[in-house]
Amino acid sequence: MLLLLILLGLAAAVLYAMMFMPRSKDDGGQERTGSAGTPSAAPHDPAGGDKDDGDEGEAGKPSDPAAPGDQEPQSTDPAGLAKGFAVRKDPKGFKVAVHENWTRRGENGRGQIRYIGGDFELVVVAGRDKMSEFGGDPMAYQQDREAELSAFRGSSWASSSGLRRIDVGRTAMAEGAFTWRDSSGRNVYARNLAMLIDGRYHVVLVIGPSDERRAVNQYFDQATATYSTTNG
């Protein structure tokens with residue numbers, strides 16, 4: 001009798017559960033979630049000027065999931081600008097970062113704009129030489145034809161290093177480091193960048209004492225990272 005009562009109790013419990021307990025619903029739909037990535041920083045293109053080609057964003061800033069194609073506009077002064085430098089918009093049609101204490105010299109007969117700071121000098125040539133006359137290879141132009149390096153080529157003691165070609169966007173470039181003895185007998189060190197932009201050569205050259213190479217490199221890096229044309 002005891003066993004029968006236990007079985008009846010279990011049967012009643014199962015019946016109650018089937019009739020009165022709520023049943024779970026199986027909803028097969030699931031919402032998928034994702035995360036927006038960060039845009040990669042595009043290389044600097046000196047030919048871009050103030051135009052935004054839509055490929056550049058602020059490095060490290062996540063894109064908006066609602067509008068992934070939107071990009072933040074570039075600020076007037078780049079975020080990586082070193083202390084004591086400022087971007088100058090030159091009336092000859094270019095922008096470049098120069099130390100705040102340097103003095104600008106007007107264009108000379110060789111088409112050079114010069115910024116002077118003590119023993120250091122930044123020389124900018126904005127489109128003086130045409131590709132139709134000097135050829136389309138910036139490496140050959142830098143080593144054989146560029147007027148700004150004529151003192152290097154004519155020196156009895158000279159050396160070069162780090163010669164390379166760089167192609168970024170619409171711009172073909174050649175870069176190098178050069179050391180020579182100038183007409184006064186001083187050993188000088190120079191960093192040079194020749195850029196072919198819209199069929200014309202642009203030159204950024206920084207010259208200083210040979211024993212001040214770190215400073216020359218800093219001035220050169222700031223200038224070349226910010227140089228761009230502003231015409232058109």
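From a predicted model like this one, the values you see are computed outputs, not experimental measurements.
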Original post:
Has N187 got more than 12 heavy atoms of other residues, nucleotides or ligands less than 6.0 Å from its CG?
Top reply: yes
Original post:
Between H99 and Y219, what is the ring plane arrangement, given parallel below 30°, perpendicular above 60°, and tilted in between?
Top reply: perpendicular
Original post:
Where do I113 and G106 come nearest, in terms of heavy atoms and distance?
Top reply: CD1-C, 4.3 Å
Original post:
Is it true that atom CZ of R186 has more than 12 heavy atoms of other residues, nucleotides or ligands lying nearer than 6.0 Å?
Top reply: yes
**OP:** Quick one: closest heavy-atom pair of L196 and G136, and the distance?
**Re:** CD2-O, 3.8 Å
**OP:** Go through the structure and list residues passing salt bridge (Lys or Arg N to Asp or Glu O under 4.0 Å) with E175, not counting sequence neighbours.
**Re:** R164, R191
Subject >> R105 vs I116 side-chain heavy atoms within contact, under 4.5 Å >> reply: yes
Original post:
Do side-chain atoms of T226 reach the backbone of A223 as a donor and acceptor pair under 3.5 angstrom?
Top reply: yes
**OP:** May I ask you to decide whether D137 forms a salt bridge with R165, counting only side-chain N to carboxylate O separations under 4.0 Å?
**Re:** yes
Subject >> ring-ring contact (aromatic ring centres under 6.0 Å, His included) partners of Y115, counting only residues at least two apart >> reply: none
Subject >> Side chains of N192 and L149 in contact at under 4.5 Å (non-hydrogen atoms) >> reply: yes
**OP:** Output all residues satisfying ring-ring contact (aromatic ring centres under 6.0 Å, His included) with Y189, sequence neighbours left out; order by chain, then residue number.
**Re:** none
Subject >> Heavy-atom side-chain contact between D129 and R200 under 4.5 Å >> reply: no
Original post:
How far apart are the closest heavy atoms of A82 and Q218, and which atoms are they?
Top reply: CB-NE2, 4.2 Å
**OP:** Return yes if some donor-acceptor pair links the side-chain N/O of T224 with the main-chain N/O of F220 below 3.5 Å, else return no.
**Re:** yes
Subject >> Shortest non-hydrogen separation from P138 to A194 and the atoms involved >> reply: CB-O, 4.1 Å
**OP:** Look at the side chain of R213 and the backbone N and O of S210, then say whether any donor-acceptor pair between them is shorter than 3.5 Å.
**Re:** yes
Subject >> Side-chain ion pair, E148 and R128, N-O less than 4.0 Å >> reply: yes
Original post:
Is there a donor-acceptor pair under 3.5 Å between the side chain of T229 and the backbone N or O of F94?
Top reply: no
**OP:** Answer yes or no: is there a donor N or O on one side and an acceptor on the other, between the side chain of Q222 and the main chain of V98, under 3.5 Å?
**Re:** no
**OP:** Using a strict cut-off of less than 4.0 Å between a Lys/Arg side-chain nitrogen and an Asp/Glu carboxylate oxygen, indicate whether D144 and R153 qualify as a salt bridge.
**Re:** no
Original post:
Looking only at heavy atoms, which two atoms of T171 and I197 are closest? And how far apart?
Top reply: CG2-CG1, 3.9 Å
Original post:
Between CZ of R114 and CD of Q112, what distance do you get to the nearest 0.5 Å?
Top reply: 7.0 Å
**OP:** Please test D90 against R104 for salt bridge (Lys or Arg N to Asp or Glu O under 4.0 Å), starting from the C-alpha separation and ending with a verdict.
**Re:** CA-CA 10 Å; D90 198 277; R104 180 186 185 275; 2.6 Å; yes
Subject >> Side chain proximity check, E121 to V123, heavy atoms < 4.5 angstrom >> reply: yes
Original post:
Minimum heavy-atom separation for L163 to F178, with atom names?
Top reply: CD2-CZ, 3.6 Å
Subject >> Student check: side-chain heavy atoms of T230 and K89 closer than 4.5 Å >> reply: yes
